[in-house]
Amino acid sequence: MEKKSIALITAPGIAERLGAELVEEMPGMLDYYITDDYEWDVHYYDDILTGGTNDSKEVIEAVCDKKDDEGWDYAIALTDLPLFKDERPVVAEALKDKSAALISLPGFGFTTMKKRVQESILQLMNEMYYGTSDEGRQASAAHMESQDKQKFDALRNKDSRKLIGSRIFERISPLIRETPQEEEEGVDVRYTVKSKPGGYLRIISGMVFANEPWKMFPAFGKIIVIAFTTGSYALVFSTLWQLSTNFSIPRAIILTLFSILALTVWIIMAHQLWEKKGEENKAFLRRMYNLTTFFTLLITVFMYYIILFAMFSIWTILLMPMSQIESYTSTSPSIGIYFYTAWIGASISTIIGALGSAFEDEEVVLDSTYGEGRSQGVRRIK
């Protein structure tokens, strides 16, 4: 049986891990979705392809060049770069004659990726194999009609004109299929987001997901040590316990929000993460990079805050007897005072812990944010 090679060109990071997971499963799916006339050889190839471009045309051209150099039958790039065409977010593109395609992972938004990427790869392969014309789509639909409907039922997309199956995110921010007619377009089919606001929501949340904010959490080790040490010392004395008996819940919520925002803003300022105006950085891209950096750090700081609150809760319950608390507050408190005081202590300690953020390894912080000069696999170049 004739063999057809398919290379998934992956950027380092989340795209590379997806490529490694998909190579084992894709051949059987290609038999089902495309044709079983060939033996499908699927592998992934780690390559940054381009620098920090946001032009989908440059990326698809780089995919074509790499495919020709390596002699693959098909090539699909999985990039964590946000891509645009005339400031409209691009989720995927394919060139039939060149047998090359790309998928921009941020276009899927802050959501699970694997099944969406599987469906996207299958659809792009379908577009390249059968063609993007109406006749090609009809041939693809006829092939799918002949297949067992129950097979691969975990994948929701079996429509010859959709990139992925319908899910909540796709209902809120639907994708549209375009087949540009102009020769200068250099692409046969393109999937974009129907509305610009929906597209930017997808891109920003997807960039935050690609940043993997939970991976940056270990960089907060020193901040936790400073905050917990300071807070633990303060909880031994009466001030925080007395404060908790007089602190209203709305005031505690305001203090929590302020402390989380204070630490987030401090990290951005201390490590100069805010993108400024520059000749090479368009205004709308700069805004997206800055929002992505802010929300990435905000999620990480929120995780830090929850862990700090849990540590204080355990500490107060284990080491502070109720009789001691009664002597501090001159009341008969309930068990809830442990958690309420831990909550206030976590907020105050978070503000104090912000001072420690300047001492963290700057490369760890920079590696978890988008910024000017970003390339695939490199979050920011100083």
Side-chain angles (χ1 to χ4, degrees), residues 1-50 59-81 91-105 107-108 112-132 136 139-140 143-144 146-148 151-160 162-165 187-189 191 210 376-377:
M1 183 180 291
E2 185 180 351
K3 182 180 290 188
K4 292 286 186 180
S5 60
I6 303 174
L8 304 179
I9 307 175
T10 62
I14 188 171
E16 184 179 8
R17 293 195 298 275
L18 282 170
E21 292 176 8
L22 293 173
V23 290
E24 297 292 333
E25 304 170 8
M26 292 307 298
M29 292 181 180
L30 288 164
D31 284 344
Y32 177 78
Y33 275 81
I34 312 300
T35 181
D36 57 4
D37 292 342
Y38 302 101
E39 179 183 349
W40 299 103
D41 176 25
V42 183
H43 60 281
Y44 73 97
Y45 185 91
D46 184 11
D47 195 321
I48 64 173
L49 282 179
T50 66
V59 178
I60 198 74
E61 288 176 351
V63 176
C64 293
D65 291 342
K66 178 60 68 174
K67 170 187 166 293
D68 293 341
D69 291 343
E70 300 292 337
W72 300 317
D73 293 304
Y74 296 91
I76 301 175
L78 307 180
T79 175
D80 59 357
L81 288 172
V91 181
E93 287 184 348
L95 275 168
K96 181 183 182 301
D97 293 339
K98 295 286 189 178
S99 298
L102 64 84
I103 298 171
S104 175
L105 298 182
F108 294 124
T112 54
M113 291 279 183
K114 185 176 178 181
K115 284 186 171 57
R116 285 173 168 82
V117 172
Q118 281 177 325
E119 292 174 10
S120 299
I121 291 171
L122 292 169
Q123 177 62 20
L124 293 174
M125 283 296 301
N126 193 294
E127 301 268 11
M128 291 186 285
Y129 185 82
Y130 287 101
T132 61
S140 169
H143 170 76
M144 289 305 305
S146 68
Q147 300 300 304
D148 179 3
K151 196 172 184 182
F152 298 117
D153 56 356
L155 299 178
R156 301 185 185 183
N157 186 37
K158 297 184 181 181
D159 189 317
S160 65
K162 289 185 178 180
L163 183 67
I164 54 179
V187 62
D188 294 306
V189 65
Y191 288 89
Q376 293 169 310

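- For the atom pair CG of L18 and CD of Q118, the computed distance is 9.0 Å after rounding to the nearest 0.5 Å.
- Summarising the geometry, atom OH belonging to Y74 is positioned 8.0 Å from atom CD1 belonging to I34; distances are rounded to the nearest 0.5 Å.
- Looking at heavy atoms from C-beta onward, H143 lies out of side-chain contact with Y33 at the 4.5 angstrom threshold.
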Hey, can you pull the donor-acceptor pairs under 3.5 Å for the side chains in residues 61-69, sequence neighbours left out?
{"residue": "K66", "atom": "NZ", "partner": "D47", "partner atom": "OD2", "Å": "3.1"}
{"residue": "K67", "atom": "NZ", "partner": "K98", "partner atom": "O", "Å": "3.3"}

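- Using cut-offs of 30° and 60° on the angle between ring planes, the pair Y129 and W40 is perpendicular.
- When the side chain to side chain contact (heavy atoms under 4.5 Å, CB included) test is applied to D73, the partners found at least two apart in sequence or on another chain are K4, S5.
- The distance from the CG atom of D31 to the OH atom of Y38 is 12.5 Å, given to the nearest 0.5 Å.
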So E93 and I103, side chain to side chain contact (heavy atoms under 4.5 Å, CB included) or not? Walk me through it. CA-CA 7 Å; E93 287 184 348; I103 298 171; over 6 Å; no
Please tabulate, for side-chain N and O atoms in residues 120-128, each donor-acceptor pair with protein atoms closer than 3.5 Å (sequence neighbours left out).
{"residue": "S120", "atom": "OG", "partner": "R116", "partner atom": "O", "Å": "2.7"}
{"residue": "Q123", "atom": "NE2", "partner": "E127", "partner atom": "OE2", "Å": "3.0"}
{"residue": "Q123", "atom": "NE2", "partner": "S160", "partner atom": "O", "Å": "3.0"}
{"residue": "Q123", "atom": "NE2", "partner": "Y191", "partner atom": "OH", "Å": "3.1"}
{"residue": "N126", "atom": "OD1", "partner": "R137", "partner atom": "NH1", "Å": "3.0"}
{"residue": "N126", "atom": "OD1", "partner": "R137", "partner atom": "NH2", "Å": "3.0"}
{"residue": "N126", "atom": "OD1", "partner": "S140", "partner atom": "OG", "Å": "2.6"}
{"residue": "N126", "atom": "ND2", "partner": "S140", "partner atom": "OG", "Å": "2.9"}
{"residue": "E127", "atom": "OE1", "partner": "R177", "partner atom": "NH2", "Å": "2.9"}
{"residue": "E127", "atom": "OE2", "partner": "R177", "partner atom": "NE", "Å": "2.9"}
{"residue": "E127", "atom": "OE2", "partner": "Y191", "partner atom": "OH", "Å": "2.7"}

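- Between P12 and D46, some side-chain heavy-atom pair lies under the 4.5 Å cut-off.
- Listed by chain and number, the residues in a salt bridge (Lys or Arg N to Asp or Glu O under 4.0 Å) with K115 amount to none (sequence neighbours excluded).
- Remark: E119 pairs with R167 by the salt bridge (Lys or Arg N to Asp or Glu O under 4.0 Å) rule, at least two apart or across chains.
- Residues satisfying the ring-ring contact (aromatic ring centres under 6.0 Å, His included) test with Y44, not counting sequence neighbours, are none.
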Working for side chain to side chain contact (heavy atoms under 4.5 Å, CB included), residues T79 and L105: CA-CA 6 Å; T79 175; L105 298 182; over 6 Å; no
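- Rounded to the nearest 0.5 Å, atoms CG (D188) and NZ (K96) are 8.0 Å apart.
- Residues that satisfy the salt bridge (Lys or Arg N to Asp or Glu O under 4.0 Å) test with E21, not counting sequence neighbours, are absent from this structure.
- Separating the CD1 atom in I76 from the CD1 atom in I60 is a distance of 9.5 Å, to the nearest 0.5 Å.
- Side-chain contact between L78 and I9 is absent, with no heavy atoms from C-beta onward closer than 4.5 Å.
- Residues in residues 33-42 take part in no salt bridge (charged side-chain N to carboxylate O under 4.0 Å, His left out) pair, two or more places apart or across chains.
- Of all heavy-atom pairs between A11 and D80, the closest is CB-OD1, 4.1 Å.
- Residues forming a ring-ring contact (aromatic ring centres under 6.0 Å, His included) with W72 (at least two apart in sequence, or on another chain): H43, Y45.
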